[in-house]
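Read through the structure below, which is laid out as structure tokens, and then see the notes.
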2 protein chains.
Amino acid sequence: MDMPLDAKTCWNCPIKHQAVCSRCEPDELTQLEDIKYYRSYEAGQPVIWAGDHMEFVASVVTGIASLSQTMEDGRTQMVGLLLPADFIGRPGRDSAPFDVVAVSDLTICCFRKRPFEGLMTTTPRIAARLLEMTLDELDSAREWMLVLGRKTAREKIASLLAIIARRDAALKQLSARDGMVFELPLTRESMADYLGLTLETVSRQISALRKGGIIELDGKRRVVVPSLDALLAETGDDFDESVRA
Amino acid sequence: MDMPLDAKTCWNCPIKHQAVCSRCEPDELTQLEDIKYYRSYEAGQPVIWAGDHMEFVASVVTGIASLSQTMEDGRTQMVGLLLPADFIGRPGRDSAPFDVVAVSDLTICCFRKRPFEGLMTTTPRIAARLLEMTLDELDSAREWMLVLGRKTAREKIASLLAIIARRDAALKQLSARDGMVFELPLTRESMADYLGLTLETVSRQISALRKGGIIELDGKRRVVVPSLDALLAETGDDFDESVRA
DNA sequence: CGGGTCATTGACCATGATCAAGAGCTGTGG
DNA sequence: CCACAGCTCTTGATCATGGTCAATGACCCG
């Protein structure tokens, strides 16, 4: 759960090239060092409940968290997956709009909110990077709305697999390719919550893709993609668009 | 289609208190005046196609536009409704990610992209306001994901009506209340595209709400809400949450 | 009056939800 | 070392919600 000591400085931070602080000059990083602290969570633990008062904003350093909403009767919808470098919280707002839950073991780098808001006004690099990240998030959220509103169960599963495959390839500094293997970071239930399906439908559609030769399974979580084109064809997306993304 | 002449200055602009320029000082507005121009569109006309090169960013001044995505086979999903003061385009990106279409007659205030990007770096007020607006948009998009992923057709319709009712009340500087009347700015088909339904289902559910006494219809587009609580109860949302929003 | 657009309604069907049983895996304790 | 509890996941049977196809209605404007 603890990171090695040398990872606890901005200098050695694994997300220093992508996070909200990635544009900072050394002296700005020093200022950030003064107001930051790390927190770790085990898989399944809540990080924030919707409505909670937030005394910090944070970056995901390692692990995955989910952003989700739950209705009174228990229906829940995941509205975002937070991966390393993603930002949690928002300057200028006091309470959290959504639940944040650690999906895997998770470490986040927290900045005390008031001082961070101060830095935002004095350090345009931070504000500019946050704007850029927020605009990207907004585009992703809108792309996901097409998945939720218009795709079939099979297309939804294929879309999720394609996204995880691409992200995983990027993380390993490789390009996604035929024969690639990756691990599903989510349970069937989390996938269902992300896709607006039930866990039974998720299970059935994964079996269907396996029977159709689109994917192979090694255990419940390890996925092999014999043909990336075949998988992308199942997403329902325009082919050019998928490759471009 | 043309605005009265006196509306074409920032000083008399109807959205000067909400738009991306709302925090600007007079001299900053003068700089914006130099790089801005208006465009008008009739209901139904396209403003931008996904993939188009964008030489401007813009604010909606009057009217409504939709932001949407279409799949090869014609399925389309609206991913946002752009109301007066909402921002179109993004600094730092060249091509449009989604289609923008005028839903009603529409006037937008365009800023040439390059000079606007320059102003963003020299005028922190603009960048700060854009960040705030973008964070709000992101929250709304995520709230809508719950509607798309988890609500029933009836709840979706009730949610849309509740949103339009609230927005309409806000526009008229009133609070939403029992007996209120408003106009639907969307066709049944646009509502379907927004809600991830077919137009037949939209029509049926509106009829069902009418038969259930939740709403009354005056023609196809004018809606009366006898009891706001009754409407909110149909959205499936937590009551407190709905009132708070 | 006729043509066009937008909306409503009906009949039928398919997709995915629900309910239920059981398989596979892991960790714990006798 | 095995038995069992507690998971997650799979699969089957049935049902309901919303989609599809089709006909008709309401309204507007030439």
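Side chains included, hydrogens not; waters and symmetry mates left out as well; all remaining heavy atoms used. Letters A, B, ... are given to chains in the order of the sequence lines, protein chains preceding strands, and every chain is numbered from 1.
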For B:Arg210, is the CZ atom crowded, meaning more than 12 foreign heavy atoms sit under 6.0 Å from it? yes
Could you walk me through whether B:Lys211 and B:Glu216 pass the salt bridge (Lys or Arg N to Asp or Glu O under 4.0 Å) test, one step at a time? CA-CA 9 Å; B:Lys211 283 169 192 153; B:Glu216 291 157 22; over 6 Å; no
Report all interatomic pairs (protein N or O, nucleotide N or O of nucleotides 6-8 of chain D) with separations under 3.5 Å.
none

Using whole Å, report how far CE of B:Met191 lies from C1' of C:dA7. 10 Å
Protein-nucleotide distance (B:Leu199, atom CG; D:dC21, atom C1'), rounded to Å: 12 Å
Whole-Å distance between C:dT8 P and B:Ile157 CD1? 10 Å
Taking only Lys NZ, Arg NE, NH1 and NH2, and the carboxylate oxygens of Asp or Glu, determine whether B:Glu143 and B:Lys151 approach each other closer than 4.0 Å. no
Could you state the atom-to-atom distance from CZ of A:Arg210 to C1' of D:dT11 in whole Å? 11 Å
Provide the full list of salt bridge (Lys or Arg N to Asp or Glu O under 4.0 Å) pairs with a residue in residues 73-90 of chain B, sequence neighbours left out, each pair given once. A:Asp136-B:Arg90, A:Asp139-B:Arg90, A:Glu155-B:Arg75, B:Asp73-B:Arg75
Atom CG of B:Leu217 and atom P of C:dT8: how far apart are they, to the nearest Å? 7 Å
Base, sugar-phosphate alone, or nothing: which one does A:Ser203 contact when heavy atoms must sit under 4.0 Å apart? base
B:Ile206 CD1 to C:dT8 P, straight-line distance once rounded to whole Å: 6 Å
Take a 6.0 Å sphere around CD of A:Glu189 and say whether it holds more than 12 heavy atoms from other residues, nucleotides or ligands. no
Is there any protein nitrogen or oxygen under 3.5 Å from a nitrogen or oxygen in nucleotides 12-19 of chain D, and what are the pairs?
{"residue": "D:dG12", "atom": "N7", "partner": "A:Arg204", "partner atom": "NH1", "Å": "2.8"}
{"residue": "D:dG12", "atom": "O6", "partner": "A:Arg204", "partner atom": "NH2", "Å": "3.1"}
{"residue": "D:dA13", "atom": "N6", "partner": "A:Arg204", "partner atom": "NH2", "Å": "3.4"}
{"residue": "D:dG18", "atom": "OP1", "partner": "B:Ala153", "partner atom": "N", "Å": "2.7"}
{"residue": "D:dG19", "atom": "OP2", "partner": "B:Thr198", "partner atom": "N", "Å": "3.4"}
{"residue": "D:dG19", "atom": "OP2", "partner": "B:Thr198", "partner atom": "OG1", "Å": "3.2"}
{"residue": "D:dG19", "atom": "OP2", "partner": "B:Thr201", "partner atom": "OG1", "Å": "2.5"}

With salt bridge (Lys or Arg N to Asp or Glu O under 4.0 Å) as the criterion, how do B:Arg188 and B:Asp193 come out once you've worked through the C-alpha distance, each side chain's angles and the decisive distance to 0.1 Å? CA-CA 9 Å; B:Arg188 299 291 185 265; B:Asp193 286 344; over 6 Å; no
What pair of heavy atoms forms the shortest contact from A:Ile164 to A:Glu183, and how long is it? CG2-O, 4.2 Å
Under 6.0 Å from the NE2 atom of B:His17, do we count more than 12 heavy atoms belonging to anything else shown? no
Evaluation steps, salt bridge (Lys or Arg N to Asp or Glu O under 4.0 Å), between B:Glu55 and B:Arg39: CA-CA 13 Å; B:Glu55 85 278 18; B:Arg39 286 195 179 179; 3.5 Å; yes
Can you measure A:Asp193 atom CG to C:dG16 atom P for me and round it to whole angstrom units? 17 Å
